[in-house]
Amino acid sequence: MINITVPDYQEIIIYRDIKSLRVIPRHRGGIYALFDKHDQLLWVGKSGNLRRRVRSHTTGKNKDTMAWHKEVSQIQIIYVEDAVDRAIYEAYMIGRSNPRPRYNVDLNLE
């Protein structure tokens with residue numbers, strides 16, 4: 001069995017508007033988790049450019065998030081530069097979250 005230890009969140013952002021994302025460094029990669037106002041996990045994702053990806057999820061310009069982007073009230077970030085590590089952590093976090101993220105429905109870990 002492989003033992004995976006996901007790092008602790010390094011940035012927690014209370015999302016109010018697009019200006020809230022300025023604390024995310026430009027061109028940094030990592031994992032992000034989006035939560036609603038009841039601290040329910042909505043989505044876990046990865047990106048080589050976190051600021052751009054999180055912005056697309058919170059403005060409704062991403063086709064996957066158009067229906068629910070207004071639910072986002074908190075963003076938690078782990079900076080991870082290696083793309084393989086990001087993919088492993090993302091899959092692990094989605095599979096191990098209880099309850100599972102509400103909108104990560106395409107990833108089947110069974």
Check: Is there any salt bridge (charged side-chain N to carboxylate O under 4.0 Å, His left out) pair reaching into residues 10-27, and which pairs are they, with sequence neighbours excluded?
Finding: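 Sorted pair list comes back empty.
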Please round to the nearest 0.5 Å and tell me the distance separating atom [atom1] of [X] and atom [atom2] of [Y].
X	Y	atom1	atom2	value
Tyr103	Leu34	OH	CG	11.0 Å
Ile13	Ile24	CD1	CD1	4.0 Å
Ile31	Gln76	CD1	CD	13.0 Å
Asn104	Ile94	CG	CD1	4.0 Å
Ile77	Leu21	CD1	CG	8.0 Å

Checklist line | Cluster overlap Ile18 with Ile75, hydrophobic side-chain contacts below 4.5 Å | finding: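 Yes, because Ile18 and Ile75 connect within a single hydrophobic cluster, where side-chain heavy atoms sit under 4.5 Å apart.
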Check: With the 4.5 Å side-chain cut-off for hydrophobic clustering, are Val44 and Val84 part of the same group?
Finding: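 Val44 and Val84: one cluster.
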Margin query: With a sphere of 6.0 Å drawn around CZ of Arg102, does it hold more than 12 non-hydrogen atoms of other residues, nucleotides or ligands?
Written below: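 Atom CZ in Arg102 is crowded, with more than 12 foreign heavy atoms closer than 6.0 Å.
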Would you say the side chain of [Y] lies within less than 4.5 Å of the side chain of [X], judging by non-hydrogen atoms?
X	Y	value
Glu81	Arg28	yes
Thr59	His69	no
Ile2	Tyr92	no
Pro101	Met93	no
Val80	Tyr89	yes

Has the side chain of [X] got a donor or acceptor atom that lies under 3.5 Å from a matching backbone atom of [Y]?
X	Y	answer
Arg53	Lys46	yes
Gln10	Tyr79	yes
Ser73	Asp36	yes

Notebook entry, point to check: Is Glu71 salt-bridged to Lys37, going by a charged N under 4.0 Å from an acidic O?
Noted result: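 Here Glu71 does not pair with Lys37 in a salt bridge, since their nearest N and O are not under 4.0 Å apart.
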Check: Between Phe35 and Tyr9, what is the ring plane arrangement, given parallel below 30°, perpendicular above 60°, and tilted in between?
Finding: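 Judged by the thresholds at 30° and 60°, the geometry between Phe35 and Tyr9 is perpendicular.
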